[in-house]
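Note sheet for the following structure.
Each chain gets a letter, A, B and so on, in the order the sequences are listed, and its residues count up from 1. Note that the coordinates shown come from a computational prediction; the quantities given were computed from them, not determined experimentally.
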Number of protein chains: 2
Amino acid sequence: MKKQTLLTIANSTGLSVSTVSRVLSGKGEKYRISKATIEKVKIEALKSHYVPDLVAKGLRTKRTDIIGLVVPDIGNPFFASLSSIIIGDLKKLGYNVLLADSMESASEEAIALNMFVSRKVDGIIAVPVSKSPDLLENISKTVPVVLADRYFPDAGLPYFCTDNYAGSLMATNYLLEKGYKRILAVRGLNSVMPDKERVRGFLSACKSCNGKCVDYEIEGNMFSVRNGYDVTGKALSSAERPDAIFAFSSNILLGALMAVKEHGISVPDEIGLISFDNNGFFDYLNPAVTRIEQPLKEIGSGAVNLLNDMIRNGNKARDTVKKLIQPALVVRSSC
Amino acid sequence: MKKQTLLTIANSTGLSVSTVSRVLSGKGEKYRISKATIEKVKIEALKSHYVPDLVAKGLRTKRTDIIGLVVPDIGNPFFASLSSIIIGDLKKLGYNVLLADSMESASEEAIALNMFVSRKVDGIIAVPVSKSPDLLENISKTVPVVLADRYFPDAGLPYFCTDNYAGSLMATNYLLEKGYKRILAVRGLNSVMPDKERVRGFLSACKSCNGKCVDYEIEGNMFSVRNGYDVTGKALSSAERPDAIFAFSSNILLGALMAVKEHGISVPDEIGLISFDNNGFFDYLNPAVTRIEQPLKEIGSGAVNLLNDMIRNGNKARDTVKKLIQPALVVRSSC
DNA sequence: TATGGTTGCGCAATCGTTTGCATAAACAAT
DNA sequence: ATTGTTTATGCAAACGATTGCGCAACCATA
């Protein structure tokens with residue numbers, strides 16, 4: 001059971017490496033290799049358990065059929081679900097995936113991106129954590145790059161993302177219509193677009209509500225349970241406590257919920273809760289959580305298909321694709 | 001900004017490719033390259049933005065520093081968390097990760113494993129879904145393989161896994177001590193060891209309980225919310241309904257909880273619930289869920305470290321490492 | 001018997017590294 | 001002046017695949 005290569009097959013069939021290569025890569029007809037020869041080669045390949053060396057192939061062809069995917073935290077259900085969709089779609093198109101976890105660190109992300117380049121991936125899908133698009137833009141001159149979930153509005157990098165402004169508007173207006181008057185928004189990582197857009201939507205709704213909103217406030221700095229817990233806890237201890245909380249992520253919501261429970265405040269009567277993003281378990285909470293659900297499937301598949309286009313047809317899109325996809329309000333009973 | 005290779009650097013410095021290679025791969029001293037030359041090469045590499053071609057390097061050295069990781073469902077929080085640990089630990093050791101999602105399909109898994117071999121990964125970590133160890137054992141003759149979470153007890157494949165028998169025993173005994181007498185165990189995928197071992201633990205506890213247990217039953221066939229919901233629903237509608245449910249996974253528990261709620265039965269008074277495996281949100285449920293927590297960190301890190309050993313020191317372990325790690329009972333208020 | 005077209009395949013370069021084996025220059029020792 | 005040693009570097013093969021070009025053999029046509 002020695003290692004099998006094109007050469008070993010060539011030897012045992014009495015043919016040349018070229019011919020074997022052409023047969024095994026399906027180009028037999030194209031090169032007018034005879035039926036008999038094709039058969040002979042295929043049989044021998046099977047018998048000898050030949051496995052093509054994709055590393056060698058990659059070196060020669062300059063295509064690896066590998067896509068680099070970098071996300072801020074693969075343990076986070078949101079990114080796990082998104083990755084699941086992306087990986088599945090890529091597989092259907094014949095790509096494999098190098099996965100890197102930037103752990104919300106720009107320097108780790110940079111390492112991962114450079115690794116992708118060094119490994120000659122055919123394309124990159126990134127949920128960027130860096131504050132600057134510079135590295136990604138630079139890389140995108142060489143290899144196709146598509147962003148998902150997070151993005152840089154003014155950079156030349158295509159992206160697929162939830163319309164966070166619209167979603168935030170929707171959530172806030174829903175709270176106001178329900179009669180809540182003092183709303184606390186607990187925001188996440190201040191530097192990323194989704195967070196900024198959610199702030200914009202929230203403010204816009206609060207400011208143009210014809211007096212429905214008596215007071216509003218924005219606090220917080222991370223998409224974490226801890227942040228939700230801390231900010232909410234402080235607010236609940238203050239003189240004029242909010243009567244509704246808009247959590248900018250599902251983790252934030254869980255933290256907020258924890259604080260609310262500890263203060264013995266009842267949901268949704270004494271305080272309303274709404275979340276941006278679902279987490280798969282909100283329906284099992286008591287009360288089930290009303291939320292804005294993100295179009296994960298559209299984001300993931302959109303990014304994959306665009307990337308594939310860019311790889312196949314060259315980067316020749318007239319304009320950079322920048323897609324904001326509408327999220328949906330899913331009403332439950334937390335407000 | 002042309003593509004830079006060792007050759008381009010060799011030309012612009014007036015040195016040979018060999019020398020440049022040796023300097024840039026840190027073997028300068030070893031080959032007694034002069035300080036001056038080393039500096040010159042490094043400067044030029046920086047100036048020209050040289051990036052090593054890891055594909056070419058891989059072909060030449062037969063090492064890729066890539067590990068293949070295949071899991072049944074990366075969207076599942078359990079596998080996402082495990083993957084997060086594994087990927088993080090691998091990165092510290094200088095490995096990158098090709099991730100494949102077998103979607104609980106043995107044929108998809110086989111495709112992924114063969115892809116790993118073809119791509120010349122240095123090692124493989126698998127959470128296998130196949131019922132037979134044949135393919136994995138065969139592959140492990142060529143490239144180091146370590147299993148995590150799921151395993152084949154009699155195969156020559158090393159694994160790191162929760163002691164599911166002990167955990168199941170613990171959970172069941174806890175229910176019995178709490179006074180529950182009619183226990184329904186909702187099991188998952190019948191063909192995998194963790195499930196079988198949990199069954200064994202459950203039966204063992206029920207049978208040797210000195211009459212504490214009046215009735216017990218086992219049903220189910222998937223680690224899914226749906227399965228938990230269906231099995232529980234049916235049981236609750238039966239004449240002698242169970243007074244406690246032992247869910248063999250967190251997803252199953254959620255399904256069971258849903259059914260329990262729909263039947264208007266109160267937890268933990270009318271029915272007790274316990275789960276094998278945590279999901280990160282059990283503490284936010286009402287009541288919070290008592291569960292057996294799996295030692296994810298030990299499993300992930302253990303697998304990574306063993307694999308690294310096998311790669312570095314050759315497969316020369318005297319005996320195949322087979323580690324069952326003790327889980328922990330985390331008491332909350334669902335039973 | 002040239003001429004031309006078709007059929008079926010092989011030669012050899014190439015992708016970018018790494019590395020065993022020289023080797024040239026400089027110096028030291030005899 | 002010869003020999004030996006050390007220093008600093010280069011030559012060229014190798015990894016395993018792909019592919020442009022060439023060519024021999026065969027057949028048909030004129």
Side-chain angles (χ1 to χ4, degrees), chain A residues 2-42 44-45 48-66 115 117-122 142, chain B residues 2-42 44-45 48-66 115 117-122 142:
Chain A
K2 304 261 337 201
K3 183 179 21 166
Q4 296 294 327
T5 69
L6 290 186
L7 183 60
T8 64
I9 297 187
N11 288 337
S12 44
T13 53
L15 292 160
S16 75
V17 172
S18 330
T19 301
V20 176
S21 167
R22 296 197 251 249
V23 170
L24 294 181
S25 54
K27 305 202 181 89
E29 343 254 283
K30 179 178 159 196
Y31 281 91
R32 300 173 313 196
I33 312 286
S34 72
K35 282 278 175 207
T37 302
I38 290 184
E39 268 316 287
K40 189 159 56 162
V41 170
K42 285 187 174 172
E44 179 61 26
S48 63
H49 299 107
Y50 169 76
V51 174
D53 184 324
L54 263 28
V55 174
K57 176 172 178 167
L59 174 60
R60 174 60 224 240
T61 60
K62 308 275 116 197
R63 290 198 74 228
T64 53
D65 294 317
I66 292 180
M115 179 270 284
V117 172
S118 216
R119 292 209 182 275
K120 306 288 166 183
V121 298
D122 289 351
T142 310
Chain B
K2 305 262 338 206
K3 184 180 19 166
Q4 296 294 327
T5 69
L6 290 185
L7 183 60
T8 64
I9 297 187
N11 288 338
S12 44
T13 54
L15 293 160
S16 75
V17 172
S18 333
T19 301
V20 176
S21 167
R22 295 196 251 247
V23 170
L24 294 182
S25 54
K27 304 200 181 94
E29 343 254 283
K30 179 179 159 196
Y31 282 90
R32 298 174 311 195
I33 313 283
S34 71
K35 280 280 175 205
T37 302
I38 290 185
E39 268 315 287
K40 189 159 53 163
V41 170
K42 286 188 173 170
E44 180 61 26
S48 62
H49 299 107
Y50 168 76
V51 175
D53 185 325
L54 262 30
V55 175
K57 174 171 179 168
L59 174 59
R60 174 60 225 241
T61 60
K62 308 275 114 195
R63 290 198 77 228
T64 53
D65 294 318
I66 292 179
M115 180 271 283
V117 172
S118 215
R119 292 208 182 274
K120 306 288 168 182
V121 298
D122 289 351
T142 309

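- Sorted by residue number, the members of residues 20-30 of chain B with any non-hydrogen atom under 4.0 Å from DNA chain C read S21(B), R22(B), K27(B).
- Residues forming a side chain to side chain donor-acceptor pair (under 3.5 Å) with R22(B) (at least two apart in sequence, or on another chain): none.
- In the region residues 33-41 of chain A, proximity to DNA chain D at under 4.0 angstrom, judged on heavy atoms, holds for none of the residues.
- Between T19(B) and dG10(D) there is a side-chain N or O to OP1 or OP2 distance below 4.0 Å.
- Atom CD1 in I9(A) sits roughly 14 Å away from atom P in dG10(C) (whole-Å rounding).
- Using a 4.0 Å heavy-atom criterion, one finds that V55(A) contacts no nucleic acid atom at all.
- Of the possible donor and acceptor atoms, none in the side chain of S21(A) sits under 3.5 Å from a partner among the backbone N and O of V17(A).
- Atom NZ of residue K120(B) and atom CD1 of residue I66(B) lie 13.0 Å apart, to the nearest 0.5 angstrom.
- Remark: P of dT17(C) and CZ of R63(B) are 18 Å apart, rounded to the nearest angstrom.
- Closest to the side chain of Y31(B), from the set dT9(D), dG10(D), dT7(D), is dT9(D).
- With hydrogens and angles ignored, the 3.5 Å screen pairs no side-chain donor or acceptor of S118(A) with any backbone N or O of V51(B).
- Using a distance-only test at 3.5 Å, with no hydrogens or angles considered, no donor-acceptor pair links the side chain of T64(A) to the main chain of G58(A).
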Look for any protein N or O under 3.5 Å of an N or O in nucleotides 13-16 of chain C and output each such pair with its distance, or none.
| residue | atom | partner | partner atom | Å |
| --- | --- | --- | --- | --- |
| dT14(C) | O2 | R60(A) | NH1 | 2.9 |
| dC15(C) | O3' | K62(A) | NZ | 3.3 |
| dC15(C) | O2 | R60(A) | N | 3.4 |
| dG16(C) | OP1 | K3(B) | NZ | 2.7 |
| dG16(C) | N2 | A56(B) | O | 3.4 |

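- L15(B) comes within 4.0 angstrom of sugar-phosphate atoms only, judged by non-hydrogen atoms across all strands, and of no base.
- Remark: S16(A) pairs with T19(A) by the side chain to side chain donor-acceptor pair (under 3.5 Å) rule, at least two apart or across chains.
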For residues 26-40 of chain A, please give each side-chain donor-acceptor pair under 3.5 Å, one per line with the distance, not counting sequence neighbours.
| residue | atom | partner | partner atom | Å |
| --- | --- | --- | --- | --- |
| S34(A) | OG | T37(A) | N | 3.2 |
| S34(A) | OG | T37(A) | OG1 | 2.8 |

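- Taken from CG in L59(B) to OG1 in T61(B), the straight-line distance is 8.5 Å, to the nearest 0.5 Å.
- Regarding R119(A), its CZ atom lies at a distance of 14 Å from the C1' atom of dT17(C), rounded to whole Å.
- For the pair R32(A) and G14(B), nearest-nucleotide mapping onto DNA chain D gives the more 5' position to G14(B).
- Residues I9(B) and L24(B) are in side-chain contact: their nearest non-hydrogen atoms beyond the backbone lie under 4.5 Å apart.
- Side-chain contact between D53(A) and T5(A) is absent, with no heavy-atom pair separated by less than 4.5 Å.
- Counted by atom type alone, E44(B) and T13(B) present zero donor-acceptor pairs between their side chains at under 3.5 Å.
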